[in-house]
Undergrad: 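What follows is a single structure, and I will ask about it in a moment.
To find a chain, count down the sequence lines: A is the first, B the second, and so on, and within it residues start at 1. Computed over heavy atoms, backbone and side chain alike; hydrogens, waters and symmetry mates excluded.
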Amino acid sequence: IVPTVSSPACFALHPQVFIMAHVCIHWFRKGLRLHDNPALMAALRDCKELYPLFILDPYLYDQNRAGINRLRFLISSLQDLDCSLRKLNSRLFVVRGKPEEVLPKLFTKWNVTKLTYEYDTEPYSRSRDKNVTMLAEEQRIQVSYKISHTLYDIDRIIEENNGKPPLTYNRLRDIVKALGSPKKPIPAPTVEDMKNIAPFSEKHKPEYGIPSLEELGLDTSSLAEEIFPGGEQEALRRLDAYMQRTGWVCSFEKPNTSPNSLSPSTTVLSPYMTFGCLSARTFWWRLAEVYQGVSHSDPPVSLHGQLLWREFFYTASVGIPNFNKMTGNPACTQVDWDENQEYLAAWREARTGFPFIDAIMTQLRQEGWIHHLARHAVACFLTRGDLWISWEEGQKVFEKLLLDGDWALNAGNWQWLSASTFFHQFFRVYSPVAFGKKTDKNGDYIKKYLPILKKFPPQYIYEPWKAPRSVQQAAGCIVGKDYPKSIIEHEVISKKNIQRMKQAYARRPSGSTESPTKKQGNFVYFIC
DNA sequence: CACTGAGTTGACATA
DNA sequence: TTATGTCAACTCAGT
């Protein structure tokens with residue numbers, strides 16, 4: 001006789017054969033996939049009933065925080081996940097609300113005994129998960145989490161670097177070299193793995209469905225075509241397609257890819273990584289297979305290098321307090337950014353009068369993805385290059401509009417581009433005119449996203465205000481009327497800004513370059 | 001402590 | 001066409 005229900009009597013009578021058959025919630029947050037999902041596999045162990053759950057948390061998916069494109073990506077990802085779960089005789093349960101309020105109710109309603117989830121390093125997530133774990137334990141629910149969003153255990157990287165996050169990429173490389181290769185990904189669960197779990201009951205059918213965008217209160221009338229559909233299946237399809245191009249993979253050098261090609265010059269796997277539709281470790285090991293036995297590019301510019309950049313910023317985001325802010329962020333240079341609502345709105349709404357900048361911001365709004373170097377160009381323009389507006393403002397816009405709006409990567413890259421943290425050669429300024437010309441002399445990219453300029457000759461397409469009146473008339477676009485005049489004079493303002501940056505650096509506390517043990521105060525936070 | 005080399009992805013002039 | 005040096009000059013991390 002093998003008891004299948006938990007009771008102290010059973011345990012006392014049959015200690016050897018006792019099996020605790022759990023009712024388990026696997027809580028999906030990021031990690032919207034079945035492959036390489038160790039927490040999900042942990043959920044299946046000794047489980048008789050499984051509730052794969054996603055909570056639409058108003059804090060994370062508020063419309064000011066998540067734009068419609070990113071919400072669409074999320075909904076597609078959830079639909080795909082549900083579809084995959086149904087092939088395993090399961091399904092996805094979706095609820096709305098604050099996890100700390102929603103979960104205790106479900107624990108009771110479903111008689112839950114175990115909760116599993118993937119570890120998440122974001123400050124909001126960590127505090128949320130701490131609260132939820134406390135609430136779960138109050139209801140005597142076993143809680144188990146696994147690390148699978150990043151290649152490594154981020155805390156181990158910091159530990160290995162004496163309690164501080166590496167501030168340079170090479171330092172991070174040395175650390176992860178010492179830690180060895182990332183773990184191999186584990187396969188997705190199979191029907192066999194699910195054989196002891198009761199198929200989901202039809203009684204739940206009308207409840208817990210995936211809401212449509214309309215049901216979330218969004219106006220979808222002006223929504224553009226879905227170029228990058230969300231979901232694990234699409235992620236794996238996309239990964240396969242790129243991994244087949246072995247020559248391209250092996251010669252990949254990020255700085256040599258184009259920010260303004262008409263179709264993406266990089267993989268666009270980032271949104272899938274952000275939501276965890278694709279495992280970083282799966283990506284890493286697929287690349288390792290392609291690299292095997294042939295010559296290939298290396299970090300920092302290679303595709304492996306890109307995954308290590310992700311790890312770099314994740315590590316910084318865990319080790320540096322107030323990572324998404326300037327104030328209270330001890331690694332960040334304190335800069336006297338201007339408050340200029342007009343400039344900020346012009347940048348955000350693609351009406352700076354610099355076609356390269358405005359085209360990029362248009363692509364961002366329409367498609368939710370722009371090339372990494374395009375992000376450099378507009379980020380430099382908003383901050384230290386031209387408009388002298390805080391990187392935090394740009395961060396908010398990107399977070400909302402990017403499909404791959406990732407908390408750690410977004411904050412880290414904005415600090416990098418504004419020469420606030422990590423990158424310090426502030427005298428290297430991107431030109432809103434010259435930079436794009438290197439890879440798109442004719443301005444085809446500009447014409448695609450700003451059709452009003454499509455008749456401008458290449459000579460003037462990057463600086464339409466320089467075109468003689470007759471040329472503007474022939475192009476059917478008068479600068480100042482049909483397309484904005486440039487809001488600033490780059491040659492003048494960028495030189496002024498370099499000097500302002502120099503002054504901000506001069507005000508940096510002198511102790512910030514000293515070793516953590518030497519001076520008290522400055523680096524204490526790294527150890528906490 | 002001073003010093004040095006390196007730093008994913010600048011622009012521009014020159015060879 | 002592509003490579004190199006200059007411009008002005010930063011920090012980090014290792015020696």
Side-chain angles (χ1 to χ4, degrees), chain A residues 160-162 164-175 251-261 265-266 296-313 315-316 319-320 330-335 356-357 360 370-381 383-386 409 412-413 415-441 462-463 490-519 522-523 526:
Chain A
E160 195 70 20
N161 195 43
N162 307 314
K164 307 166 291 177
L167 295 177
T168 61
Y169 185 81
N170 280 335
R171 183 75 194 144
L172 178 109
R173 278 190 76 188
D174 289 345
I175 301 294
S251 61
F252 184 92
E253 292 186 348
K254 187 67 164 283
N256 293 338
T257 58
S258 166
N260 47 6
S261 49
S265 62
T266 51
H296 56 85
S297 55
D298 283 305
V301 295
S302 65
L303 283 166
H304 260 178
Q306 304 314 301
L307 290 171
L308 291 178
W309 278 108
R310 180 170 180 268
E311 219 68 7
F312 174 77
F313 288 119
T315 308
I320 299 170
C332 181
T333 303
Q334 305 295 301
V335 178
F356 182 55
I357 300 297
I360 294 168
I370 50 177
H371 186 275
H372 188 64
L373 291 178
R375 303 181 195 199
H376 279 218
V378 296
C380 184
F381 186 86
T383 59
R384 65 186 169 90
D386 296 275
L409 304 187
N413 279 296
Q415 284 171 80
W416 183 292
L417 262 301
S418 62
S420 299
T421 315
F422 313 116
F423 175 83
H424 309 281
Q425 290 160 286
F426 55 73
F427 39 88
R428 292 189 181 172
V429 177
Y430 289 84
S431 162
V433 172
F435 187 67
K437 280 186 188 170
K438 285 194 287 189
T439 44
D440 179 21
K441 215 161 178 279
Y462 283 86
E463 304 166 279
H490 173 74
E491 290 70 22
V492 178
I493 208 160
S494 62
K495 282 194 178 66
K496 215 180 274 177
N497 287 349
I498 288 173
Q499 292 311 307
R500 282 183 88 170
M501 211 62 201
K502 190 179 170 175
Q503 287 163 16
Y505 268 70
R507 289 191 293 267
R508 277 163 62 110
S510 58
S512 61
T513 56
E514 291 182 31
S515 74
T517 46
K518 203 166 249 173
K519 191 149 187 171
N522 284 312
F523 273 71
F526 284 142

Undergrad: Using atom NE2 of A:His376 as one end and atom C1' of B:dT8 as the other, report the distance to the nearest whole Å.
TA: 8 Å
Undergrad: Identify which nucleotide among B:dT9, C:dT11, B:dG7 has an atom closest to any side-chain atom of A:His372, counting heavy atoms from C-beta outward.
TA: B:dT9
Undergrad: Touch check for A:Asn256, heavy atoms < 4.0 angstrom, all strands: base, sugar-phosphate only, or nothing?
TA: nothing
Undergrad: To the side chain of A:Tyr430, which of B:dT9, C:dG14, C:dA9 is closest?
TA: B:dT9
Undergrad: Could you please name the option among C:dC10, C:dA9, B:dT8 that lies closest to any side-chain atom of A:Gln306?
TA: B:dT8
Undergrad: According to a cutoff of under 5.5 Å between the ring centres and under 30° between the ring planes, does A:Trp309 stack with the base of B:dT8?
TA: yes
Undergrad: So A:Phe422, base contact, sugar-phosphate only, or nothing? Heavy-atom distance under 4.0 Å.
TA: nothing
Undergrad: When all nucleic acid strands are considered with a 4.0 Å heavy-atom cut-off, which category describes A:Phe427: base, sugar-phosphate, or nothing?
TA: base
Undergrad: How is A:Glu253 classified with respect to the nucleic acid when contacts are heavy atoms under 4.0 Å: base, sugar-phosphate, or nothing?
TA: nothing
Undergrad: When all nucleic acid strands are considered with a 4.0 Å heavy-atom cut-off, which category describes A:Lys438: base, sugar-phosphate, or nothing?
TA: sugar-phosphate
Undergrad: Expressed as a whole number of Å, how far does the P atom of C:dT4 sit from that of B:dA6?
TA: 15 Å
Undergrad: Give the nucleotide from the list B:dG10, B:dG7, C:dC12 with an atom nearest to the side chain of A:Leu167.
TA: C:dC12
Undergrad: Answer with base, sugar-phosphate or nothing: what part of the nucleic acid does A:Val429 contact at a heavy-atom distance below 4.0 Å?
TA: sugar-phosphate
Undergrad: Counting only side-chain heavy atoms from C-beta out, which of B:dG7, C:dG14, B:dA11 sits nearest to A:Phe435?
TA: B:dA11
Undergrad: Taking atom P of C:dC12 as reference, at what distance in whole Å does atom CG of A:Asp174 sit?
TA: 17 Å
Undergrad: Nearest of C:dA9, B:dT9, B:dT8 to any side-chain atom of A:Arg428?
TA: B:dT9
Undergrad: Side chain of A:Gln499: nearest nucleotide among C:dA9, C:dC12, B:dT9?
TA: C:dA9
